[in-house]
Amino acid sequence: MKKPFLAAIVSVSIVLCACAQTNAGGEPGGPPALEGSWQVEDIDNQGMIDSAMVAVEFGADGRVSGRGGCNRYGGEYAYAESVVSFGALAATKMACAPALMDLETKFFNRLQGELGVETAADGALVLSDDEGRILMRRMEGEE
């Protein structure tokens, strides 16, 4: 009678350990969670323009959208094994101040190719490659 009980406990323990290693919630042992709204705080360690609202919304359906500082954009993304890649992004064509347009161009250029994804110790999301990085934080109300 003790053997089936012990076997059940061992089985449950193995399942719980496996789930802890494959979670997608940004916790240790699992890939960072992308879904939700993120505000960009830094691009390539060069800071941000105070009035610029650069944001990324990762949808569960593989769609990405947001604001590049001047224009709204949208497209598709794929995420696997802590790497995100973006498809072609479409954006509106409004003109803004040259500094905002430069920031937006830098942001859109950074969203090309494959980017490594990691969660910093303070909860920030970092997308990076050999050329640079984007640092962002969840927008208020997002968990």
Side-chain angles (χ1 to χ4, degrees), residues 4-143:
F5 180 73
L6 182 59
I9 289 177
V10 170
S11 295
V12 169
S13 297
I14 290 170
V15 169
L16 291 176
C17 288
C19 290
Q21 292 300 312
T22 59
N23 74 68
E27 299 170 10
L34 291 184
E35 289 178 28
S37 299
W38 299 86
Q39 182 168 351
V40 176
E41 290 189 349
D42 184 77
I43 302 171
D44 298 337
N45 294 314
Q46 296 180 3
M48 298 295 288
I49 298 171
D50 287 341
S51 61
M53 178 56 178
V54 181
V56 180
E57 171 81 29
F58 290 102
D61 59 356
R63 304 277 311 154
V64 64
S65 61
R67 186 177 170 109
C70 183
N71 291 284
R72 300 211 42 86
Y73 67 91
E76 295 182 349
Y77 77 96
Y79 179 54
E81 299 179 15
S82 296
V83 174
V84 65
S85 57
F86 297 88
L89 298 176
T92 58
K93 300 287 184 189
M94 295 188 310
C96 291
L100 280 176
M101 295 302 294
D102 289 344
L103 175 67
E104 184 172 89
T105 298
K106 182 170 44 170
F107 175 63
F108 288 154
N109 287 339
R110 180 64 41 236
L111 293 182
Q112 295 182 16
E114 292 186 341
L115 299 170
V117 180
E118 62 183 299
T119 304
D122 64 357
L125 186 69
V126 180
L127 307 182
S128 62
D129 61 14
D130 293 341
E131 307 266 325
R133 71 179 182 98
I134 299 171
L135 173 78
M136 56 183 95
R137 296 198 188 282
R138 279 206 187 272
M139 295 178 82
E140 252 180 63
E142 292 284 321
E143 289 297 324

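Annotation: the span from S82 atom OG to E118 atom CD amounts to 9.0 Å, rounded to 0.5 Å. The distance from atom OG1 of T119 to atom CG of L125, rounded to the nearest 0.5 Å, is 6.0 Å. Note that CD of E35 and CG of D61 are 8.5 Å apart. Values are rounded to the nearest 0.5 Å. Distance check: D44 CG to L135 CG gives 11.5 Å after rounding to the nearest 0.5 Å. Atom-to-atom distance recorded for Q39:CD and R67:CZ is 11.0 Å, nearest 0.5 angstrom. The CG atom of L111 sits 7.5 Å away from atom CG of L127, with the distance rounded to the nearest 0.5 Å.
Minimum heavy-atom separation, A95 to C70: C-SG, 3.9 Å. Looking at every heavy atom in both residues, A99 comes nearest to I49 through O-CD1, 3.5 Å. For the residue pair L34 and W38, the shortest heavy atom distance occurs at O-NE1, 2.7 Å. For A33 against R138, the heavy-atom pair with the smallest separation is O-NH2, 3.5 Å. Between D42 and G47 the shortest heavy-atom distance is OD1-N, 2.7 Å. Nearest heavy-atom pair, G123 versus R137, reported as atom, atom and distance to 0.1 Å: C-NH1, 4.3 Å.
Side-chain contact between N45 and R133: present, with at least one pair of heavy atoms (C-beta onward) separated by less than 4.5 Å. Two residues are said to be in side-chain contact when any heavy atoms from C-beta on lie closer than 4.5 Å; E41 and M136 fail this criterion. Side-chain contact between E131 and R110: present, with at least one pair of heavy atoms (C-beta onward) separated by less than 4.5 Å. With a 4.5 Å cut-off on side-chain heavy atoms, Y77 and L115 do not count as touching.
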Does V64 form a side chain to side chain contact (heavy atoms under 4.5 Å, CB included) with Y79? I'd like the steps, not just the answer. CA-CA 11 Å; V64 64; Y79 179 54; over 6 Å; no
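Judged by distance alone, the side chain of E104 and the main-chain N or O of N71 form a donor-acceptor pair under 3.5 Å. D122 places a side-chain N or O within 3.5 Å of a backbone atom of A124 that can act as its donor or acceptor partner.
Applying the ring pair (Phe, Tyr, Trp, His ring centres under 6.0 Å) rule to F86 yields no partners; only residues at least two apart in sequence or on another chain are considered.
Within a 6.0 Å radius of CG in D50, no more than 12 heavy atoms belonging to other residues, nucleotides or ligands are found.
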